[in-house]
Amino acid sequence: MDDLKKIAPKLSSVKKGNPYRVPGNYFEDFYARLEPKLHTEGADKKKRQTTFIRLLKPVLGLAASITLIFLIVYWPLSRFDTSPVAQNNFYPGQNEKNEQYSILVDELDENSLFALLENNLEDGNYSDDELIGYLSTSFDEYELFLESDKKMKNEK
Amino acid sequence: MHKSDRELIAGLKAGEMQNHAFQMLVEKYQERLYWHIRRIVLDHDDADDVLQNTFVKVWKNLNNFREESGLYTWLYRIATNESLTFINSKKRKNMFPMSELSDYLVDNLEADPYFDGDEIQEKLQKAIITLPEKQRLVFNMKYFDNLKYKEMSKILDTSVGALKASYHHAVRKIEEFLSKIED
């Protein structure tokens, strides 16, 4: 206070009382005037909540129906695997090998590829064991007998 | 006989006692909050509106009240914010620049049937009106409500140092204003 007198003598000379007043019984009646506002606010709050739930209900219903349809129809169907076994149960490395092969072929020029194929065809020297193996897996005994009989008749 | 803040808070948290506890809270703090608001908005009808809005806001946000901030500090903060919102909305609505807003407040003061101050008190009120918003708040809270800087710091979310500086500037400006008028 002494500080105030030093720095602001004019201000410190002003009477510090409250110059304002209020209408009679203002504070006594204040709560009675406030109460209806509080109830309105409470009702509004409830109303807002009800409206929100009312808006949300159809959306929730739709979401529940879609989930139900999914569970009843799609999910049991997905349990039965109708695709061919071969499509799903291929040898894992197979595709990889094919890819590597196709990359190799793509990189070769036409002349080199044909030369390679020609070499394979011309190279017709097979050992007896390889021939017997091939014949025994590709023909049965009756066919072999008929073929050898035909050959003998032709030689005669 | 007013209940203690602790009793009031306990009552506000108990569902069936809430209405009664809230009435107790209003009766305990209405006067102090009213005068704080009145010093910001000046006009009685405006202060009445703002006070009602303040308590409606308190009622709506009872669940958000954190006990560590202190009930009075919390109420004071809401009242301050509501008063400033009111002044700013008035400014926006009437597109007042800052100087015209203080003219509007001076007019309010001069036309106020509920102002009983003498000439020098009126001059002081006019001097306060010319202060920037923050300085006006700080001056009123310190000079009239005798709030401590620490309490003000919690209410206005400003450091004690900044509040001291604001008060000092406000006092200087008011002294200057009063001296000019006398000359």
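Letters A, B, ... mirror the listed sequences (proteins, then strands); counts begin at 1.
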Test side-chain contact (heavy atoms from CB on, under 4.5 Å) on B:W59 and A:L34; report intermediate values, then the result. CA-CA 11 Å; B:W59 173 249; A:L34 176 71; over 6 Å; no

With respect to chain A, which residue among B:I174, B:D48, B:L51 yields the maximal number of heavy-atom pairs within a distance under 4.5 Å? B:D48

With chain A, which of B:W35, B:F55, B:F144, B:F22 has the greatest number of heavy-atom pairs at distances under 4.5 Å? B:W35

Between atom CD of B:Q121 and atom CG of A:N18, what is the distance when rounded to the nearest 0.5 Å? 8.5 Å

With rounding to the nearest 0.5 Å, note down the distance linking CD in B:Q30 to OH in A:Y31. 11.0 Å

State plainly whether one hydrophobic cluster holds both [X] and [Y], where clusters connect Ile, Leu, Val, Met, Phe, Trp and Tyr through side-chain heavy atoms under 4.5 angstrom apart.
| X | Y | value |
| --- | --- | --- |
| A:L38 | B:M17 | no |
| B:Y114 | B:L105 | no |
| A:L71 | A:I66 | no |

I'd like to know if the side chain of B:R172 reaches the main chain of A:A8, judged simply by a donor and an acceptor atom lying under 3.5 Å from each other, with no hydrogens or angles considered. no

Please check if the side chain of B:E175 supplies one atom and the backbone of A:I7 the other of a donor-acceptor pair under 3.5 Å. no

When you look at [atom1] of [X], are more than 12 heavy atoms from neighbouring residues, nucleotides or ligands closer to it than 6.0 Å?
| X | atom1 | answer |
| --- | --- | --- |
| B:K173 | NZ | yes |
| B:K28 | NZ | yes |
| A:E28 | CD | yes |

Region of B:V26 in contact with chain A, defined by heavy-atom distances below 4.5 Å: side chain

Residue B:L109 versus chain A: region with a heavy atom under 4.5 Å: side chain

Side-chain heavy-atom pair [X], [Y] within 4.5 angstrom cut-off:
| X | Y | result |
| --- | --- | --- |
| A:K16 | B:Y143 | yes |
| A:F30 | B:Q52 | yes |
| B:Q125 | A:V14 | no |

In terms of heavy-atom pairs under 4.5 Å, which option from A:S13, A:P9, A:P19 contacts chain B the most? A:P19

Is the B:Y34 ring parallel, tilted or perpendicular to the A:Y26 ring (thresholds 30°, 60°)? tilted

Could you please spell out the steps behind the side-chain contact (heavy atoms from CB on, under 4.5 Å) verdict for A:K15 and B:I120? CA-CA 8 Å; A:K15 200 168 72 184; B:I120 186 78; 6.0 Å; no

